[in-house]
Amino acid sequence: MEASSAFEPSPEMERFLCERLLDAKQPIAERFRALFSLRNLRGDAPRRALLQAARDSSNLLAHEAAFALGQMQDAQAIPALESVLKDLSLHPIVRHEAAEALGAIGLEKSIPLLEESLAADPAVEVQETCELALRRIEEQKNVSGAESSTISPFLSVDPALPAKQGLSVDQLRYLFRALFALRNDGGDAAVSAIVAALSVKSALLRHEVAYVLGQLQNKAASDALSTVLKNVCEHPMVRHEAAEALGSIADQESVALLEEFAKDPEPIVSQSCEVALSMLEYERSGKSFEFLFLQTPHA
């Protein structure tokens, strides 16, 4: 389901945002400002710009563009997202996000390619994402209309439907799809269970855990997220999410760490820190990081 808004940007603003997103000479944070604004819009021009960005030389920007298209649930983006998923020359973080976007859009016509990539993609994190996307599409068919249209309290389209309420925290922590139920719970025990999941074997799950901790903005997770960011042996997609999460928490120690790792040799990590620091700077100045900000960016 797509969100709607009475707000329509001027053609000049829309053109500016598309050009800014695709201008490789711009600082990465400026390009992210444009990306975060475009994901609030609908139409051919924003879709084309985001799809072109999904093949950008910056793997961080490319994966975020694919993520945005999934959050927008734009069915017209499916053919291009499928092309991204099939392109083994692209970084696994980008292919993973294309698979997740197809699951978020949730149409059955994506099932054959997701099944093919599950069996053939060489990256474990992409295989696991395809499996989750297939499961989400199947589960979505079996939920009621009311459940299907329920908007996450965090305004996100999650890669797995939240587990039913009523299970204990101990039971929930062992179920992948319970991660989002734990997030929605948000209590101390739930946060502790989410943090503990940073030690699981799956890099895909670890990165999703870091993402959720960023949504929660709970300072109790700062130490664990800092450990992840400092670990140069950790998968870049996990370190990237840890950096963004630390930017959301934004205590003094987290900011100092982001400044340190903005010089990390892995671009996915260094650019994540750069974007997080820029977002903090705008927030502290009382300004919106986005060029355009709508109250309901997506459904």
Would you check, one step at a time, whether the test salt bridge (charged side-chain N to carboxylate O under 4.0 Å, His left out) holds for E131 with R135? CA-CA 6 Å; E131 186 173 2; R135 189 176 303 167; 3.3 Å; yes
What heavy-atom pair brings F32 and F289 nearest, and what distance separates the two atoms? C-CE2, 4.0 Å
Would you say R206's side chain and V238's backbone share a donor-acceptor pair under 3.5 angstrom? no
For the CG atom of L113 and the OG atom of S117, what is their distance to the nearest 0.5 Å? 4.0 Å
Please walk me through it: do L35 and L17 pass side-chain contact (heavy atoms from CB on, under 4.5 Å)? CA-CA 8 Å; L35 193 158; L17 292 173; over 6 Å; no
Consider ring pair (Phe, Tyr, Trp, His ring centres under 6.0 Å). Of H91, H207, H63, H240, which one does H96 pass it with? H207
When hydrophobic residues are tied together by side-chain contacts of less than 4.5 Å, even through go-betweens, does L88 share a cluster with L118? no
One should read off an interatomic distance between L61 CG and R55 CZ, to the nearest 0.5 angstrom, of 14.0 Å
Using a strict cut-off of less than 4.0 Å between a Lys/Arg side-chain nitrogen and an Asp/Glu carboxylate oxygen, indicate whether R95 and D121 qualify as a salt bridge. yes
If only side-chain N and O atoms count, and only distance matters, is there a donor-acceptor pair under 3.5 Å linking S89 with D87? yes
Any donor-acceptor N or O pair under 3.5 Å, side chains D251, S254: yes
Using the side-chain hydrogen bond (donor to acceptor under 3.5 Å, both in side chains) rule, take S58 and Q271 through it: C-alpha gap first, then chi angles, then the decisive distance, then the call. CA-CA 9 Å; S58 165; Q271 291 178 358; 2.8 Å; yes
Got a donor-acceptor contact below 3.5 angstrom from the S222 side chain to the K219 backbone? yes
I need the L69 CG to L38 CG distance, nearest 0.5 Å. 10.0 Å
Modelled atom types, side-chain donor and acceptor of R39 and Q71, under 3.5 Å: no
Given side-chain contact (heavy atoms from CB on, under 4.5 Å), test R31 with D56 step by step and report yes or no. CA-CA 11 Å; R31 300 180 74 190; D56 195 83; 2.7 Å; yes
Are R33 and E30 ion-paired here, with the side-chain N under 4.0 Å from a carboxylate O? yes
Is the distance between the ring centroids of F36 and F291 under 6.0 Å? no
Could you check whether D23 pairs with R20 (Lys NZ or Arg NE/NH1/NH2 to Asp/Glu carboxylate O, under 4.0 Å)? no
Taking the side chain from S248 and the backbone from Q217, do they hold a donor-acceptor pair closer than 3.5 Å? no
Might you confirm whether atom CD of Q52 has over 12 heavy atoms from other residues, nucleotides or ligands at distances under 6.0 Å? no
Answer yes when R136 and E139 have at least one side-chain N-carboxylate O distance shorter than 4.0 Å, and no when they do not. no
Is the closest side-chain donor-acceptor distance between E128 and S202 under 3.5 Å? yes
To check you understand the geometry: which heavy-atom pair defines the closest contact between L216 and G186, and what is its length? CD2-CA, 4.3 Å
Any salt bridge between K230 and E260, counting N to O under 4.0 Å? no
Walk me through it: do R47 and D44 pass the test side-chain contact (heavy atoms from CB on, under 4.5 Å)? CA-CA 5 Å; R47 183 189 309 110; D44 290 339; 2.8 Å; yes
For the residue pair E244 and Y211, establish whether any side-chain heavy-atom pair is separated by less than 4.5 Å. no
How about E97 and T129: do any of their side-chain heavy atoms sit closer than 4.5 Å? no
How about CD on E12, more than 12 heavy atoms from neighbouring residues, nucleotides or ligands closer than 6.0 Å, or not? yes
Donor-acceptor check, side chain of Q73 to backbone of A104, threshold 3.5 angstrom: yes or no? yes
Verify, without hydrogens or angle tests, whether R239 (side chain) and L229 (backbone) share a donor-acceptor contact under 3.5 angstrom. yes
Which is it for L102 and I137 under the side-chain contact (heavy atoms from CB on, under 4.5 Å) test, yes or no, and what are the steps along the way? CA-CA 9 Å; L102 292 170; I137 292 171; 5.9 Å; no
Quick check: does any side chain N or O of S110 sit under 3.5 Å from a backbone N or O of G106, one acting as donor and the other as acceptor? no
Show the nearest heavy-atom pair for residues L22 and A49, with the distance to one decimal. CD2-O, 3.5 Å
Are any side-chain N or O atoms of S272 and backbone N or O atoms of I268, one a donor and one an acceptor, separated by less than 3.5 Å? yes
